[in-house]
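A quick note: this is a predicted structure, and the numbers were derived from the prediction, not measured. Order of the sequence lines fixes the chain letters, A, B, ..., with proteins taken first and strands second; residue numbering starts at 1 for each chain.
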2 protein chains.
Amino acid sequence: MVTIYDIAKKANVSAMTVSRVINKSEKISEITRKKVEAVIKELNYIPNNSARNLITKKTKILSLMITDIGNPFFTSVARGAEDKAMQMGYQLLLCNSDENFEKESKYMDMLISTGSDGVLIAPANDNSKKNMKKLTKHGIPFVLIDRRIPDIDCDQVLSDNEATTRRLIEHLIKQGHRKIAIINGPLVVSTARERQQSYIDTLKIHGISVNNDLIKESHFRDSDVTNSIQELLNLPESERPTAIFATNNFIGMNTMKILYRHNIKVPEEIAVVSYDVPNYTENESILTVAEQQAYNFGYIGIQLLIERIEGAAPEKARKIVLPSEIHLRASSLNQRD
Amino acid sequence: MVTIYDIAKKANVSAMTVSRVINKSEKISEITRKKVEAVIKELNYIPNNSARNLITKKTKILSLMITDIGNPFFTSVARGAEDKAMQMGYQLLLCNSDENFEKESKYMDMLISTGSDGVLIAPANDNSKKNMKKLTKHGIPFVLIDRRIPDIDCDQVLSDNEATTRRLIEHLIKQGHRKIAIINGPLVVSTARERQQSYIDTLKIHGISVNNDLIKESHFRDSDVTNSIQELLNLPESERPTAIFATNNFIGMNTMKILYRHNIKVPEEIAVVSYDVPNYTENESILTVAEQQAYNFGYIGIQLLIERIEGAAPEKARKIVLPSEIHLRASSLNQRD
DNA sequence: CTGTTAGCGCGTTCAA
DNA sequence: TTGAACGCGCTAACAG
């Protein structure tokens, strides 16, 4: 391995001078700089980051903690994060928590050990608070995306859960629906809570009483909605929903799949709307969706994070809310429209 | 920051003993081990990898170089890679080359500097050979996935391009098609070449002459097939294809989209088959596809890589070929079937 | 089984 | 503008 000492010897300078050249110090004569640079190129020297990190405590590595890169939403988040990180000279470590606090914790230790300069995180659930405290204790800045955590005050990039849900539900109401079911993720996740609250509030505003039999809790990942839908279908005619609000893309996709299996016509028998889109690369779906700015969650998140790391951020935590765009499609539109 | 010395002092042992406990050395008495572990937990100690790497020359970081995490194929690859890496105690650095050699090179320098223990790479194209040589020069093992590179002998995980293409084309021939077009990626990519060769060979075997007007070169990413399809449609009736073979998922998806825009009925007017699937999370498409074991490309690739890194691999390079599974769907099936 | 010594490659601090 | 000494946190090699 080539070290600064090898360079120093060959260039007839001290190691320190070489170090200065590498770190683009100003206080180097043009002549010695050229000389050292020549030797560096000649010997194909690449600095040892481990040694450097040991002193500077900086790695130029950021961690991206998401629940699953397989979810198209997070795939786009990752792409946005990656683009910004690369642009700013950082590299990105990928972590999939699978909505699991323990797995998240394990990653957390690894990324602290590696010396991540910062973490962009969509926390598994409210328990993740412990992991956030751990980061704080280790002096590692983090930015929350998609999901907030009670009592954690930090930079955040969030969806407009209240407004988007309201628009989705009001759309259904306008289509004549009064019995609207919600199939949600676990309520230990902030987005699930906020979407559910907005669902309830919107119904009430429009004078529709909330029926708890129409509120189902499933999972955002591995969202097996078979039982939920079966229960909805088993309800007496008077209660049976004419529309379903799926609170994330997987739930939306699986809801469509299961309804299809039950030979239930969408939207004639049951209309469906989904928060977030099942597939960001395709656009031919019949599903009415609220499309989030997934890419920007990552891109802006990393931007906030780097500003924080490099001391370019205001002391006060920043909260960015990214509005969604609703695409009305066949799954929720009456034919007469 | 808590160091092994803090632990040592509090546990009344030497730093070395603490180090041994951390590294799960066998030669530690049960009693001292428990004692040390207790203090580690109490002080929330997390090892500093930079310091450790400085000595061991290992970072426990692997890099995954793919062309685009936004491509569902590579998303699954990434998930498989991540799972195996995590399981083996490694972390994964994500790199998107965007099918671009220059971008790949830039990442290459970064990951060498960071000290990746190894690289799992789907190379941008044949030019990537230079980057492979660079890795070799720096003693960094790598495993090629999806795409091979001429004259580079190393562990590889590849698709069965020849056989899968042949089965796809023979399926079309059996459906009565004789004028079969191919919309391909750039021929500087091995998979494009192999799929095209197999397409040509299969036609010849079945006594169908190859018409160069039916061979179109597009891109695997940003695959704008508008022109290619326009040209195909402009062909005189006698030459106009009755079927299209799309050589990757994006091309397949976009082909469907453009045909739809042209109001061309699939499969009645033009049948379509695609190598690789546009969406791994959904299964309701009408597109006939060859589904690759994307997850295993990543999972097995990382396995080979780690074996190589840890000296557990045979000297001879290993070549794993993962067969695809063909799903026959409406886009290529005659109604009378 | 445990401890001591030395040094990994580099940047900080200070002196020249 | 340049250099010498020191130490970051840890582990290899050896000694006990």
Between A:M86 and B:Y107, is a side chain to side chain contact (heavy atoms under 4.5 Å, CB included) present by the stated rule, with each step listed?
CA-CA 9 Å; A:M86 171 61 153; B:Y107 269 116; 3.6 Å; yes
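- Summarising the geometry, the separation between CD1 on B:I31 and C1' on C:dT2 is reported as 13 Å, rounded to the nearest angstrom.
- Counting only heavy atoms from C-beta outward, the side chains of A:Q87 and A:Q303 never approach each other to under 4.5 Å.
- In this structure, NZ of B:K27 is placed 17 Å from P of D:dT11, rounded to the nearest angstrom.
- Backbone-only engagement by B:I28 is indicated by non-hydrogen atom pairs under 4.0 Å involving sugar-phosphate atoms exclusively.
- Within the nucleic acid shown, A:T32 comes within 4.0 Å of sugar-phosphate atoms alone, with no base atom in reach, counting heavy atoms only.
- A:K103 pairs with exactly one of A:D98, A:T67, A:N96 by the side-chain hydrogen bond (donor to acceptor under 3.5 Å, both in side chains) rule, that one being A:D98.
- Close to D:dT11, at under 4.0 Å from its OP1 or OP2, lies a side-chain N or O of B:N23.
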Side chain to side chain contact (heavy atoms under 4.5 Å, CB included) evaluation trace for B:M65 with B:L111:
CA-CA 10 Å; B:M65 175 88 69; B:L111 97 225; 4.2 Å; yes
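- Nearest nucleotide to the side chain of B:K57, out of C:dC8, C:dC10, D:dC10: C:dC8.
- Within the 4.0 Å cut-off from OP1 or OP2 of C:dC8, not a single side-chain nitrogen or oxygen of A:Y5 is found.
- Among the protein residues, B:N53 comes within range of no part of the nucleic acid, since none of its heavy atoms lies under 4.0 Å from any strand.
- Checking C:dC8, C:dT12, D:dT2 against every side-chain atom of A:T56, the shortest atom distance belongs to C:dT12.
- When each of A:M16 and B:A15 is assigned the nucleotide of DNA chain D bearing its nearest heavy atom, the one mapping closer to the 5' terminus is A:M16.
- The shortest distance between the side-chain N/O atoms of B:T17 and the OP1/OP2 oxygens of C:dG3 is below 4.0 Å.
- In this structure, B:I4 reaches the bases: a heavy-atom distance under 4.0 Å links it to at least one base atom across the strands shown.
- For C:dC10, neither phosphate oxygen OP1 nor OP2 lies less than 4.0 angstrom from any side-chain nitrogen or oxygen of A:S19.
- A straight line from CD1 of A:I7 to P of C:dG9 spans 13 Å, rounded to a whole angstrom.
- Checking A:N125 against A:N127 by side-chain atom types alone, a donor-acceptor pair falls below 3.5 Å.
- The nearest whole Å value for the distance from the CD atom in A:E26 to the C1' atom in D:dT1 is 13 Å.
- The side chain of B:I55 has D:dA12 as its nearest neighbour among D:dA12, C:dC10, D:dT2.
- Closest to the B:L54 side chain, of the nucleotides C:dC8, C:dC10, D:dC10, is C:dC8.
- Distance from the side chain of A:S14 is smallest for D:dA4 among the nucleotides D:dG9, C:dC10, D:dA4.
- Rounded to whole Å, atom P of C:dC8 lies 11 Å from atom CG of A:D6.
- Contact annotation: A:K58 side-chain N/O to C:dG11 OP1/OP2 distance is not under 4.0 Å.
- Here the C1' atom of nucleotide C:dG9 and the CG atom of A:N49 are 11 Å apart, to the nearest Å.
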Does the pair A:K10 and A:D6 meet the rule for a salt bridge (charged side-chain N to carboxylate O under 4.0 Å, His left out), with working shown?
CA-CA 6 Å; A:K10 193 141 190 173; A:D6 301 318; over 6 Å; no
